[in-house]
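What follows is a set of notes on a single structure, which appears directly below.
Basis for what follows: all heavy atoms, side chains included, without hydrogens, waters or symmetry-related copies.
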Amino acid sequence: MCIRDRHTAQLSSSSFYTYGALPADYPHYVTRHADQVVWRSILQGRMFYTIAPRQMGKTSLMKRVATQLEQQGWCCPFIDLATLRNLDRARWFRAVAESIAQACQLSEIRSALNDQQDFRNFLLQEIGLARRSKPIRLILFFDEVEGLLDLPFSDDFLMTVRDMYQQRDSYAGQLLAGFAGACNPQTLVKNGAISPFNIAEEITLDDFNVRESQQLTSKLEFTSVMVHEDVHAHIYSWANGHPYLTQRICEQLEEAAITGSLSEITCEAVDRLINTRLLSQQSRDKNIKHIWHNVSRPAITSLRIWQKLQRGEIVSSRESGFGALHLAGV
């Protein structure tokens with residue numbers, strides 16, 4: 001094996017992952033308080049939702065929970081609502097139903113699925129929530145809920161999910177739902193009285209704390225170079241516990257160690273790598289570019305807060321415009 005091939009093989013088995021949601025079997029998954037709250041909600045039979053900026057681990061959290069529930073006999077369809085934009089009502093409900101049918105191993109859909117009433121009947125009759133013999137346990141995971149924005153029938157869909165959950169004692173099966181996204185849930189429902197978010201538990205997905213961050217950065221010691229003890233705290237000071245940024249910094253350090261660019265991992269090496277590979281104009285990280293694009297021209301309501309942040313001032317989450325900046329990733 002040539003040197004290049006050996007390096008490629010080593011990099012493919014990286015301890016760090018920055019290419020979207022973590023695989024369900026990712027061995028270095030960092031469990032946060034949110035994981036415990038989700039499980040508590042499920043055990044209590046409650047719907048839940050988590051709203052957080054991009055790259056905070058929302059999808060990874062839900063997919064990990066779904067995989068564990070499947071091992072316990074639950075049917076766990078995972079529906080990315082962002083992929084269903086620009087579909088008319090009938091095609092939209094059929095696409096959702098097809099994802100559910102596939103997850104629940106239903107080989108054929110007989111329902112017409114023209115609207116939310118057909119969708120309700122599909123869940124009750126074909127998926128089997130109303131079935132007395134071997135009733136199904138179903139939890140619907142809806143990711144990228146911002147895909148519902150500007151959908152003319154979003155209220156019909158969300159009202160149906162809420163109503164079916166509210167009536168769950170009237171049929172033999174079990175029904176739960178989880179939602180995740182990066183938008184204010186109040187913007188998704190025109191009529192707040194029928195919103196499922198009003199009766200679901202909100203899951204706060206925080207950044208890693210110091211201990212959780214070090215749980216991940218300690219995997220740098222799997223490389224063949226020396227890792228200075230103060231590196232872990234230094235990475236935390238840069239990323240402030242942001243899951244993606246912590247992964248990204250570690251991934252770049254690991255790659256540099258494997259390819260021989262680093263003979264040891266020091267705080268100075270961390271600074272140099274971040275400035276040249278993640279922050280420089282020429283090679284700025286794609287997610288940092290996304291955040292920079294969002295804040296380069298903030299809305300009028302967010303501009304004052306953004307200016308205060310740039311001056312290093314403390315701002316309150318109660319201030320108008322704070323939510324928009326938060327969900328933008330600031």
Side-chain angles (χ1 to χ4, degrees), residues 17 20-27 29 31-32 34-52 56-84 92-109 111 113 119-131 133-148 157-158 160-168 171-181 185 196-197 199-203 205:
Y17 193 91
L22 298 174
D25 59 351
Y26 178 67
Y29 182 88
T31 301
R32 287 176 275 179
D35 295 77
Q36 301 171 21
V37 178
V38 166
W39 277 107
R40 184 188 67 198
S41 297
I42 292 170
L43 291 173
Q44 294 175 347
R46 299 190 61 181
M47 291 197 300
F48 62 89
Y49 69 96
T50 179
I51 301 297
M56 281 291 292
K58 302 181 297 294
T59 304
S60 300
L61 168 63
M62 293 215 302
K63 286 196 169 184
R64 185 176 179 85
V65 170
T67 298
Q68 293 170 334
L69 285 170
E70 286 170 350
Q71 295 170 356
Q72 299 177 20
W74 285 76
C75 176
C76 302
F78 194 92
I79 300 131
D80 184 343
L81 294 173
T83 64
L84 306 181
W92 192 92
F93 277 106
R94 174 157 288 274
V96 173
E98 286 173 350
S99 294
I100 297 171
Q102 182 178 14
C104 298
Q105 300 181 344
L106 180 68
S107 59
E108 180 184 5
I109 297 177
S111 301
L113 287 166
F119 179 66
R120 177 194 295 269
N121 292 333
F122 164 75
L123 292 178
L124 290 172
Q125 304 303 325
E126 295 198 56
I127 292 301
L129 283 173
R131 187 171 59 220
S133 174
K134 297 182 180 179
I136 194 167
R137 292 189 292 170
L138 176 68
I139 178 165
L140 304 171
F141 289 93
F142 295 107
D143 198 16
E144 304 285 351
V145 292
E146 50 269 33
L148 295 174
F157 165 67
L158 291 171
T160 300
V161 174
R162 173 189 166 118
D163 188 53
M164 292 194 70
Y165 172 75
Q166 293 283 65
Q167 297 182 27
R168 62 194 181 280
Y171 41 81
Q174 291 179 260
L175 174 66
L176 294 176
F179 302 86
F197 302 105
I199 59 173
E201 180 163 8
E202 181 178 6
I203 310 296
L205 196 58

What I'd like to find out is whether the side chain of [X] reaches to under 4.5 Å of the side chain of [Y], using heavy atoms alone.
| X | Y | result |
| --- | --- | --- |
| Leu106 | Ile100 | no |
| Arg40 | Val37 | yes |
| Tyr49 | Glu202 | yes |
| Val96 | Leu113 | no |
| Trp74 | Gln174 | yes |
| Arg94 | Glu98 | yes |
| Ile136 | Arg131 | yes |
| Val145 | Pro185 | no |

- request: Please confirm whether Arg162 makes a cation-pi placement over Tyr165, using NZ or CZ under 6.0 Å from the six-membered ring centre and within 45° of the ring normal.
  value: no
task: For the residue pair Phe119 and Phe157, categorise the inter-ring angle as parallel (less than 30°), tilted (30 to 60°) or perpendicular (more than 60°).
output: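 Because their plane-to-plane angle lies in the 30° to 60° range, the rings of Phe119 and Phe157 count as tilted.
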- prompt: How are the rings of Phe142 and Phe179 set relative to one another: parallel (under 30°), tilted (30 to 60°) or perpendicular (over 60°)?
  reply: parallel
Least distance between heavy atoms, Cys76 atom then Phe141 atom: CB-CE1, 3.9 Å
message: Ignoring hydrogens, what is the shortest heavy-atom contact between Ala180 and Met62? Give both atom names and the distance.
response: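 For Ala180 versus Met62, the nearest heavy atoms are CB-CE, 3.6 Å.
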- prompt: So, Asp163 and Arg120, do they make that salt bridge, N to O below 4.0 Å?
  reply: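 Salt bridge present between Asp163 and Arg120.
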